[in-house]
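See below for the structure under consideration.
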Amino acid sequence: MSEIAIKYNDNIVDLQTAQELGLKGDAIELDNSVEALEVLRHSTAHLMAQAIKSLYPDAEFYVGPTVKEGFYYDFKTSEEIGQGDLKKIEKQMLSFAKKKYPIERYVISKEEAREKFKDDHLKQAVLNMIPDEDVSIYKQGEFEDLCRGPHLPSIGLIRYFKLTKISGAYLGGNSKNEMLTRIYGIAFADKAFLKAYMDMMAEAEKRDHRKLGNEMKLFTFREEVGAGFPIWLPAGGRLRARLESLLFKAHRKRGYEPVRGPEMLRSDLWKTSGHYQNYGENMYFTHIDELEFGVKPMNCVGHIKVYEDELHSYRDLPIKYFEYGVVHRHELTGALHGLFRVREFTQDDAHIFCRADQIEEQIIEVVDFVDKIMSTFAFDYKMMISTRPDKAVGSDEVWEISTQALKNAMDTNELAYEIDEGGGAFYGPKIDIKITDAIGREWQCGTIQLDFNLPERFKLEYNGEENNKIQPVMIHRAILGSFERFIGILTEHYAGEFPMFIAPTQVAIVPVAESHKEYAKELSDKLIDINADSEIYAKNDSLNKRIRIAEKTRVPMIVVIGDEEIANNTVAIRDRRTREQYNLSEEEFLKLIQTKINEVNF
RNA sequence: GCCGACAUAGCUCAGUUGGCUAGAGCAGCUGAUUUGUAAUCAGCAGGCCCGGGGUUCAAAUCCUCGUGUCGGCACCA
């Protein structure tokens, strides 16, 4: 293994720079450490640029950094480049790498650099962002690039890489700017790591909820129905119904009352709430006679109307309303993604109306609720506090107070959180619960939002101890976020092998022959009595085939019944999760299913 | 919305440089078979080749405008 850079004052310094400045530090070897990969991938990005430049001589280059997963380079060519060109670029990269060009570094003034890259308007844009007087140039063979480094000593060290994706990306990440071409790639120090990475990507693809959702008949989308409007199929319907009923109980236990607001409300109300002005572009509007109505993108206004239905005493607070609220939002076409981003979805939404002195306890109670649910599903999650966005209602002071209240609740209970600056809802700051899916993407699911603004806008009140009118505080919260997204994430999380308590079907019953169908039906009825769904595989197919089909549905448990079982009043079990086969008496079997269904601790 | 790619049977996919009646496997239907733990056999049916418009003697194939999907960007439960 060879030394590729050094660690100096916690910075990675490449050998070229170290030599020039006479710096000494711990050697960084070419392995799969974070530091080594940083250098390797950065140089691989340059090698890719070199290959692109040789294949497309008019290419202009913007920036080519390393990211969490690999590296990318943004550039522009007159010729269009597509997915199919990646192989060609990879090949060119390899042929350059074989020449083992050393990577040389030298420093020139910014003026000289401007002259050097005078034909590259993207590099000029990069130069404009650099405050320093002098800039460094890295050179390998004929190819030179403006870069801060660090880089490998030679491109000959680059062998195990792959170009993974091609896409467009806005210059500087701003949608007002021109669109550049971006190619993503990955690189490792050895073949085994590259293979492991590619295998992991393949596994992630296998778990993709869109693929599994189709195979398992959970949901579908249809062109003629419209983009972003999911259709729930029977199996998905059963899964979802289980989740809904489990969650219903959990809410009731915690003092939430089920309510329901209308699907659309008069636009005047959305003007009062501020949605019209701040969220209108994401809303759908329609007219009934002369009046304009807005289809709800959130459920809060409906719940406010429930609150307003009667007078409230300070003794009654907190009041908690919940609803599986169907909402519609105009998402951009490019944002749509299976069940993860849709235009119609159902939130497990609730609003807590409470006194100011109850804020902390209420927030902690919700955080605890979240933890119960996420740990039941064995999810890793983290919490973020999101602060005031650009578009917002309410004074700075109110925002400051409510943001601080969220932080206090978290701090005094020693809960860890990160800050997402400007990520709040327009009516208040929030705590977002982000869970990680199978491919390592983070998704915002649950959210806890503190709101002083809507109570003010709707002039909500309750009677205080002195019979005075006091404005309540509203806490908006959703734990799953939406059933659509959450079920999508669950599907990938379990790779379709759902635990018994939410699986679309709990048991597949396979009668050996025609004569065993009757017993199968009896068993199925008994299962319904203990709230378990089953499916009988009695088609005119071989036993082997029916077992195979049952296995492929990913049902947690298959029971086979034939003469023996009927004679002894038993079932032969195939447990898909534990991959075991064994016999149980019918009674024991039903008890086992019941236990597994109740393995929920919301 | 933006950049790029893609769209053929319910599903997964073939379909030569534009050229005869668009194929296969699975699923479905009909028979035969009645099965003891991952695919029994035979037959049948199934297509406005995503939708308009165009080029051509001829279009699933080329062009164009939509719609939808995929990978990102930008935006968000």
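In what follows, chains carry the letters A, B, and so on, assigned in the order in which the sequence lines appear, proteins first and then strands, with residues in each chain numbered from 1. We use all heavy atoms of the structure for the numbers below, so side chains are in, but hydrogens, waters and symmetry mates are not.
- Distance from the side chain of A/Tyr170 is smallest for B/G1 among the nucleotides B/G1, B/G71, B/G36.
- Proximity note for A/Arg210 (side chain, C-beta onward) versus B/U37, B/U67, B/C70: the nearest is B/C70.
- If you take CD1 of A/Ile183 and C1' of B/C73, they are 15 Å apart, rounded to a whole angstrom.
- Straight-line distance between the C1' atoms of B/C48 and B/U8: roughly 12 Å, to the nearest whole Å.
- For the pair A/Asp58 (side chain) and A/Ser78 (backbone), a donor-acceptor distance under 3.5 Å is present.
- Checked against B/U69, B/U67, B/A77, the side chain of A/Thr447 finds its nearest nucleotide in B/A77.
- The interatomic distance linking A/Phe483 (CZ) with B/A77 (P) rounds to 17 Å, in whole Å.
- Between the C1' atom of B/U30 and the CG atom of A/Asp541 lies a distance of 14 Å, rounded to the nearest Å.
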Go through A/Val555 and A/Glu535 one step at a time and tell me if the side chain to side chain contact (heavy atoms under 4.5 Å, CB included) criterion holds.
CA-CA 10 Å; A/Val555 63; A/Glu535 210 172 328; over 6 Å; no
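- Checked by distance alone, A/Arg329 brings no side-chain donor or acceptor within 3.5 Å of a matching partner on the base of B/C76.
- In this structure, A/Ala335 reaches the bases: a heavy-atom distance under 4.0 Å links it to at least one base atom across the strands shown.
- Spacing of P atoms, B/C11 relative to B/G19, comes out at 26 Å, to the nearest Å.
- Put simply, A/Phe486 does not rest on the base of B/A77: the two rings are not both less than 5.5 Å apart at their centres and under 30° in tilt.
- Counted by atom type alone, A/Glu69 and A/Tyr184 present zero donor-acceptor pairs between their side chains at under 3.5 Å.
- B/C73 is paired with B/G1 under the criterion used here, namely a Watson-Crick or G-U wobble arrangement in which both key atom distances are under 3.5 Å.
- Judged purely by distance below 3.5 Å, without hydrogens or angles, the side chains of A/Arg242 and A/Gln506 pair a donor atom with an acceptor atom.
- Straight-line distance between the C1' atoms of B/A9 and B/A27: roughly 11 Å, to the nearest whole Å.
- Across all strands shown, B/G46 has no partner, as no Watson-Crick or G-U wobble contact with both distances under 3.5 Å is found.
- As the counterpart of B/C20, no nucleotide is assigned, since no Watson-Crick or G-U wobble pattern has both distances under 3.5 Å.
- Across all strands, A/Val342 comes closer than 4.0 Å to base atoms (heavy-atom distances).
- Screening A/Tyr381, A/Phe379, A/Trp443 against A/Phe486 for a ring pair (Phe, Tyr, Trp, His ring centres under 6.0 Å) leaves a single residue, A/Phe379.
- Taking atom C1' in both B/G18 and B/A58, the straight-line distance is 8 Å, to the nearest Å.
- Of the candidate nucleotides B/G68, B/U35, B/A77, B/A77 has the atom lying nearest to any side-chain atom of A/Lys430.
- In this structure, A/Arg182 places its CZ atom 7 Å from P of B/A74, rounding to the nearest Å.
- Listed nucleotides B/U69, B/C73, B/A39 differ in distance to A/Asn544; the shortest reach to its side chain belongs to B/A39.
- For A/Ile549 and B/U40, the CD1 to P distance is 9 Å, given to the nearest whole Å.
- A tilted orientation is assigned to the rings of A/His275 and A/Tyr427, their planes being inclined by 30° to 60°.
- Across B/C70 and B/U64, the matching C1' atoms stand 23 Å from one another, rounded to whole Å.
- Distance from the side chain of A/Phe345 is smallest to B/A77 among B/A38, B/A77, B/U35.
- For B/A5 and B/G43, the P atoms lie 44 Å apart once the distance is rounded to whole Å.
- The partner of B/U34 is absent, by the rule that a Watson-Crick or G-U pair needs both atom distances under 3.5 Å.
- With C1' as the reference atom, B/G25 and B/G71 are 29 Å apart, rounded to whole Å.
- Out of B/A27, B/U37, B/G68, the shortest distance to the side chain of A/Arg574 is found at B/U37.
- Within 3.5 Å, no donor on the side chain of A/Glu331 pairs with an acceptor on the base of B/G1, nor the reverse.
- In this structure, the nucleotide among B/C73, B/U37, B/U34 sitting nearest to the side chain of A/Asn540 is B/U34.
- The listed nucleotides are B/A39, B/A38, B/U34; the one nearest the side chain of A/Ala513 is B/U34.
- Atom CG of A/Leu332 is separated from atom P of B/C76 by 10 Å (rounded to the nearest Å).
- Residue A/Asp563 places its side chain closer to B/G36 than to any other of B/G66, B/U40, B/G36.
- With a cut-off of 3.5 Å on both Watson-Crick or G-U wobble distances, the partner of B/A59 is given as none.
- At a cut-off of 3.5 Å, with distance as the only test, no side-chain donor of A/Thr403 or A/Thr387 sits close to an acceptor on the other residue.
- Distance noted for atom P between B/A59 and B/A42: 39 Å (whole Å).
- Following rounding to the nearest Å, A/His337 (NE2) and B/C73 (C1') show an atom-to-atom distance of 15 Å.
- The distance between atom CZ of A/Arg485 and atom P of B/C75, rounded to the nearest whole Å, is 15 Å.
- For the 3.5 Å distance criterion, the side chains of A/His476 and A/Gln347 fail to qualify, holding no donor opposite an acceptor.
- Base pairing of B/C6 is made with B/G68, judged by Watson-Crick or G-U wobble geometry with both donor-acceptor distances under 3.5 Å.
- The partner of B/G25 is B/C11, judged by Watson-Crick or G-U wobble contacts that both fall below 3.5 Å.
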